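These notes concern the structure reproduced below.
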Amino acid sequence: MAHPDVDEERLLRDMANGSITAFEQFYEKYASLVLHIALRIVKDRMEAEDICHDLFLEVWKKAGQYDPKRGSIEAWLAVKVRSRSLDRMRKKQRLPIASEENATLEQASTAAAAEENVLSRLDREVLRQALGKIPPAQARALQGMYYEAKTQRELAANMNRPLGTVKSLIRYGLDNIRKQLSQSGWLESLGGERKHE
């Protein structure tokens with residue numbers, strides 16, 4: 001949305017003070033957005049509804065955590081639901097799989113968690129500007145992974161590149177994004193804050 005989320009911010013403040021009416025209005029406004037993102041990632045309606053339910057309970061309990069300086073409410077919710085959805089998928093992937101593939105998934109999961117932590121802190125507009133300043137293949141890989149919720153294998157197929165190349169594009173792309181943000185002074189504005197969301 002182009003305009004500031006004044007009413008939604010008021011709803012969050014009221015929710016933090018225990019208003020059930022504010023929660024219901026907030027839920028009505030954002031439930032379809034959250035469900036859509038979760039469904040796109042987990043591809044299972046019941047799972048997506050569970051994630052949506054859990055996320056709104058968390059927002060209800062922690063409504064005061066939203067910081068308007070860090071981005072819009074939509075972006076804040078999108079980061080949260082994407083993170084919860086990916087966590088849910090990672091847990092499922094760790095179930096019965098051959099040990100070699102399991103080790104690869106564990107490594108990919110650890111790397112993805114680190115990447116997720118970095119990207120979850122980025123303001124959308126600052127990120128878009130930084131994406132415009134890195135090599136196009138790196139930008140394409142990051143956009144596919146973080147905006148289109150594609151897996152690394154899907155990206156490799158879409159970009160017609162080996163999986164290892166796509167992983168490198170993502171890793172180097174994240175490094176270049178960090179450098180861009182550091183040069184602009186944006187990373188320093190995060191200070192010593194380490195907690196995820």
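Scope of the values below: all heavy atoms of this structure, side chains included, with no hydrogens, waters or symmetry mates. Please read these numbers as outputs of a predicted model, since none were measured by experiment.
Looking at heavy atoms from C-beta onward, L155 lies out of side-chain contact with L163 at the 4.5 angstrom threshold. Residues W76 and V59 meet the side-chain proximity criterion, which asks for heavy atoms closer than 4.5 Å. In this structure the side chain of L169 reaches within 4.5 angstrom of the side chain of R161, judged on heavy atoms.
Interatomic distance, M89 CE to D44 CG, rounded to the nearest 0.5 Å: 10.5 Å. Atom CZ in F56 sits 9.5 Å away from atom OH in Y30 (nearest 0.5 Å). The line from CD1 of I37 to CG of L39 is 11.0 Å long, rounded to the nearest 0.5 Å. For the atom pair CD of E9 and CD1 of I73, the computed distance is 5.5 Å after rounding to the nearest 0.5 Å. To the nearest 0.5 Å, atom CD1 of residue I177 and atom OH of residue Y172 are 16.0 Å apart. Taken from CZ in F23 to CG in L12, the straight-line distance is 11.0 Å, to the nearest 0.5 Å.
Checked for salt-bridge contact, D175 and K179 miss the test: no charged N lies under 4.0 Å from a carboxylate O.
When atom types are taken as modelled, the side chain of R84 and the backbone of K80 share a donor-acceptor pair closer than 3.5 angstrom. A distance-only check finds no donor-acceptor pair linking the side chain of S83 to the backbone of V79 [under 3.5 Å].
What you find for A139 and I134 is that their closest heavy atoms are N-CD1, 3.7 Å. Across N176 and Q138, no two heavy atoms sit closer than the pair ND2-OE1, 2.6 Å. Nearest approach of M15 to A63, heavy atoms of both residues: CB-CB, 3.9 Å. Smallest separation of non-hydrogen atoms from A156 and P162: CB-C, 4.2 Å.
The neighbour count for K43 NZ, taken as heavy atoms of other residues, nucleotides or ligands under 6.0 Å away, is above 12.
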For residues 45-53, dump all side-chain donor-acceptor pairs below 3.5 Å to protein atoms at least two apart in sequence or in another chain.
{"residue": "R45", "atom": "NE", "partner": "E49", "partner atom": "OE2", "Å": "3.1"}
{"residue": "E47", "atom": "OE1", "partner": "R88", "partner atom": "NH1", "Å": "3.0"}
{"residue": "E47", "atom": "OE2", "partner": "K92", "partner atom": "NZ", "Å": "3.0"}

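A search for side chain to side chain donor-acceptor pair (under 3.5 Å) contacts involving D87 returns R90, not counting sequence neighbours.
Two different hydrophobic clusters hold V42 and L35 under the rule that ILVMFWY side chains link at heavy-atom gaps under 4.5 Å.
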